[in-house]
Structure formats: structure tokens, C-alpha cells
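Values below: every heavy atom of this structure, side chains too, minus hydrogens, waters and symmetry copies. Remember, it's 1-based here, ligands and their atoms both numbered in the order they're listed.
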Amino acid sequence: MLTPIRTAFLLSVFALIATASFRAQEPQVSPDPWWKHAVIYEVYPRSFQDSNGDGIGDINGIASRLDYLKELGIDAIWITPMYPSPQVDFGYDIANYEAIDPQYGTMADFDHLMAEAKKRNIRVIMDWVPNHTSDQNQWFLESRSSRTNPKRDWYIWRDGKGQGKPPNNWQSWFGHSAWTYDQKTGQWYYHYFYVQQPDLNWRNPEVRKAMYDVLRFWLDKGAAGFRMDAVSRLFEDPTLHDDPILPGRNAFGDPNIQHKYTDDLPEVHDVLREIRKLVDGYPGSPVLISEADEPTIQDLVKMYGPNNNEIQLPMDFKVADLNKLSAPDFRRLLDEIEFNFANGQPYFFFSNHDQARTWDRYGDGVHNDQIAKLLATLLLTTHATPQMYYGEEIGMRTTVPTRIEDVKDPVGRTGWPKDKGRDGERTPMQWDNSKDAGFSNALKTWLPVPPSAAQYNVATERYDPNSIFNFYKHLIALRREVSALRDGSYVTINRDDANVLAYLRRAKNGTDPVLVALNMSAQAQTVNFSLEGFGVGGKQLHVLLASPQSANSDLPLTGVKLEPFGVLVAAVE
Ligand code: GLC
């Protein structure tokens, strides 16, 4: 008789062979909210698919690729901002929170996308940018028009310390002073990010109301939740203390500074609780995901709220940015998270639109494809909800501009050449090996398609059983179908191994154990798995997925050979 795990394995092999065909995947019935077991995929709309030949991706382009996302096994997409914007920060400078930028389409296109996504059981998560607006937002235009305008206090306006001197030493994350002088009204406004991104004043109840109305607007349109931008920066010290200066200078040439009086103020949590209450009033368990690059695990834990009443999925930047393959370091981080989160659900990712892609950030220059598979396994087989970034599933790499005149991201222009900005991780999605990788038929795309697209693209990889794409697809199917991987418990094993990170997942009733082993070294390793003390009776391993592929489908628990950066996912039977 087939055990559930073997059945899942056969299904997954079928998925691997039938890579080109569409396979409907119904959600599992589970008492848990959907986001605990979802695979979430970040879409950068500008770079995903251009449908109208202007060299910039758009909403209809995303809709045309939903079948692809379904084939891959994605449950929800987070779309970075596509609201009207002067695009200084490529959408993170919002001029109107309740509309669609014509560059990306219309509200009717958005509604169509929602309807098509729903048909495929793919949820849509919106990006919500509460810390700042564009300086072209009507709210700011009114605020800056006079000192007595009713919206003056919607932003942070202060007097300077004298001729040409800002109110204090606070610095923008994107370089130089966080204060800009406004000639007309003779005061300075505060901006944690670009000059064109003035910070909202979250101490003003009218601001809160307006921003909560934005949440309601998109929830009413069927949004499944929000990725909340830069929430830890919502409040600043009202007494304007200077921030402590640290040794050295940053890429922008400014003194290093500790953002002590502008980050992580306790007031943030009152807002998070209000927002959680708001979304909890909607059906369908909407999710809140926060950008939380918190300095310590204790700070990250706080984002969940004292009674899990704040953010359900705070992003864990500690895991994302370890930036080296180290079994002891990952073991420590995963354990730290497991033992600190009470009932909170961890949320892992490795890539996003703000940092170099993992293919090169973790690659060693020799085994990059194999390392991409290893990281995929780590992302998709722990207890955490995984978030992918478009193109990681095909091994897209970071393609940094080589000349300052080509740089689009202002961070790269201010920081050149020390910080070349974020264009490198935002290049167009690579669909096939036609011109511009099937992204667009424009003469020029907004960022260039790198030469590596000829080899690393969906069409080519779909038919290669050893491709990164098929590896991801297989893993996602396993995660969905094997209960231990989907919602089981997690415990690390072989804890003293300096090279191999290994852990055990077990289904909710403690059965059907699955072992995951990741060789984080460039040398082959022979491993003996010691499962005593874990209450696991199995005597051998049945391979569910291995890379490089395993010659045997069954392996003993001792003397298991893992190739350099080799990966093994196996049922213990
Ligand atoms: C977040 C976004 C980033 C943006 C910044 C300012 O960090 O991810 O892309 O530049 O906020 O809005």
C-alpha cells in the first residue's frame, strides 16, 4: 500500500515530468489561516511582464502570467506599489493611494487581475506605504502651501537651528540630511528616505484615519492583506534629540549614525495593533506582512505583539542577510527563531527588490546553480512561511549597471561607485530566449535584460529536469503535499556538524518524519544521522528529492554521501 508520503512523492515526480502541463492544485483543508502554509511570491510590476510594448511591465502583463504562477505552485503574490507616483523611488513615493498609475494600467485592469487571480486561487497582497508619501501627493501639496493650512500638521515641519541649519543631525537612509528646507514657508520638513518622500505625522489622528481608509479601500477590492513598508520608522522623537554618531562614513560620504531617535519607537506598536484590529474585521483572514529589518531577535519578536495581536508575518532579515553558507550559523538562527516566537509564525525570504539576488550573493562562483537549489530547499522546507522574489526560481542573477549614466535608482546615483543602487536586482523577468527574454517587444526596456537570460529563462528551464525552475516546482509541490513539510514540527539534528545543516520535520501528530540535510560546504560530506531521542522509529531514508539526483531511492541512515552543496529531502521509514 502507498503511504501518504510515497503517494506525495509519486505525485511530485509526476509534477516534475509533466512540467509543461497545467495542474490544478486545490488548497488543503486545514484549520490554520491560509498564510501559514502559503508560498508567497513578490512581483515587481515594472519588471514582470510588459503587455503594451512600452518597455515597462504592467498589470495586464501580470494577469497574463497567472497560469505560470499557478504552475509553479504559488498561493499569493505581493505586488510592489503600482499607485500613481512620480517614480522617484519606483512607486514607493505615492501620489494617490487609491488609484492605479497609468503606466501600469487602469483600475479596471486591476479588477480584472483580481478576478483572474481568484479563479486560480491565487491571493493578491498589496503594498502599503504608511511612513511617507510623494511630495506630489495632494496632502503634501496642501501641507506645504502655508503654515496655517489644515494639513500642515499631516507632515513633520520644524524650524531650523539658524540660517541654513536643519533642526537636528538626523540623516536620510538614502544619504545626507533627513531635513529639507522649504523656501515658501521658511520651515524644514522631515524625510527618512528621499527628499521627495516627506514623512507623514502619525501622531495626527487625521493621518491615521486617512491611511486606515486606504487599507479599507483595498480590502473592499479583495486584497488578501498588506506588505507594510518601513513600519518601524513611523514615529520620531518629538523632542528632536540628535542621533548618536558612530565611527566612519557611509557610501554617501556622511558620518555613520545610529538611527536611535527615528527607528522602532514604542508608539509603532499602538499603530500595529490598530491595523491588526482593522484587518481582522474583514473576512478571509487578511494577512499583515511587515518589512522588519529588526536589529535583534527580541525586536523581531516584538513585531508579533504581546498576544500575537500585531503583525502575523514580520520579515526576518537575519536569515535573509546572513550572507554566507554556514551550517552552525543557520542552525543557531533557525533555533533562535523556533524558540522565541511562541505562537508566532516565522517568515523567511532570501531575495527582494532592495538587495542583490541570492544567486550571486550566496554563490561561490563555481557551484552557484547548486547553491540556488540548496537555498530553495532551506526556504521551502522549514517551518516558516516562505516568500520568493520573481526570477529566483530560474536562477536570475544581479546585473549591476556599469556606468553611472545608466543608473535608474537614485540610491545608486547618490552612492556611486560605492553603492550602485538596486537596479541590479530589478532587471526584467526572463521568460524565454527571444529578444528581451519575452518580457517586452519595445525597442528599449526600462532596465536591460542581461545576457545570462539566453540560458536562464522559463522556456528553456521548463524542459530541463535538472533546472533550478523544476527544482523549485518540485519542492513547492512536496511542501504542499507532505504534511510534515507543510505544517509539521521542526527540530535540528546532528547539531555538532560544522558543514551539514540537518533537521527533522514531523506531521502534526508526530508521524511521517521527513529529514532535510543541506551540505553547506564545497566538499563532499559523509553523514550519519542520529535520530535517537527524537522518537523516530524509521530505519532508512526514502528519497523525496535530492540534488544532485540520488542513484538510489532508498538510503541507510548512516554513511549518507552528500555532494558539495548537496541537498537531500527524505522520508524516514
Ligand atoms: C522600503 C522599500 C524600498 C523603498 C523604501 C522607501 O524599504 O522596500 O524599495 O525604497 O522602503 O519607501
Tyr155 and Tyr189 aromatic centres sub-6.0 Å: no
Extract all donor-acceptor atom pairs below 3.5 Å that involve side chains of residues 284-295 and protein atoms in other chains or at least two apart in sequence.
residue	atom	partner	partner atom	Å
Glu291	OE1	Ala230	N	2.8
Glu291	OE2	Arg227	NH2	3.4

Qualifying residues under side-chain hydrogen bond (donor to acceptor under 3.5 Å, both in side chains), relative to Tyr83, sequence neighbours excluded: none
Ring centroid separation Tyr68 to Trp431 under 6.0 Å: yes
Pairwise side-chain contact, Arg208 with Trp202, heavy-atom cut-off 4.5 Å (strictly under): yes
Within the protein, residues bringing a heavy atom under 4.0 Å of ligand 1, chain by chain: Asp89, Tyr92, His132, Phe174, Phe193, Gln197, Arg227, Asp229, Glu291, His353, Asp354, Arg422, Arg426
Residues in side chain to side chain contact (heavy atoms under 4.5 Å, CB included) contact with Leu322, at least two apart in sequence or another chain: Lys324, Asp329, Phe330, Leu333, Tyr362
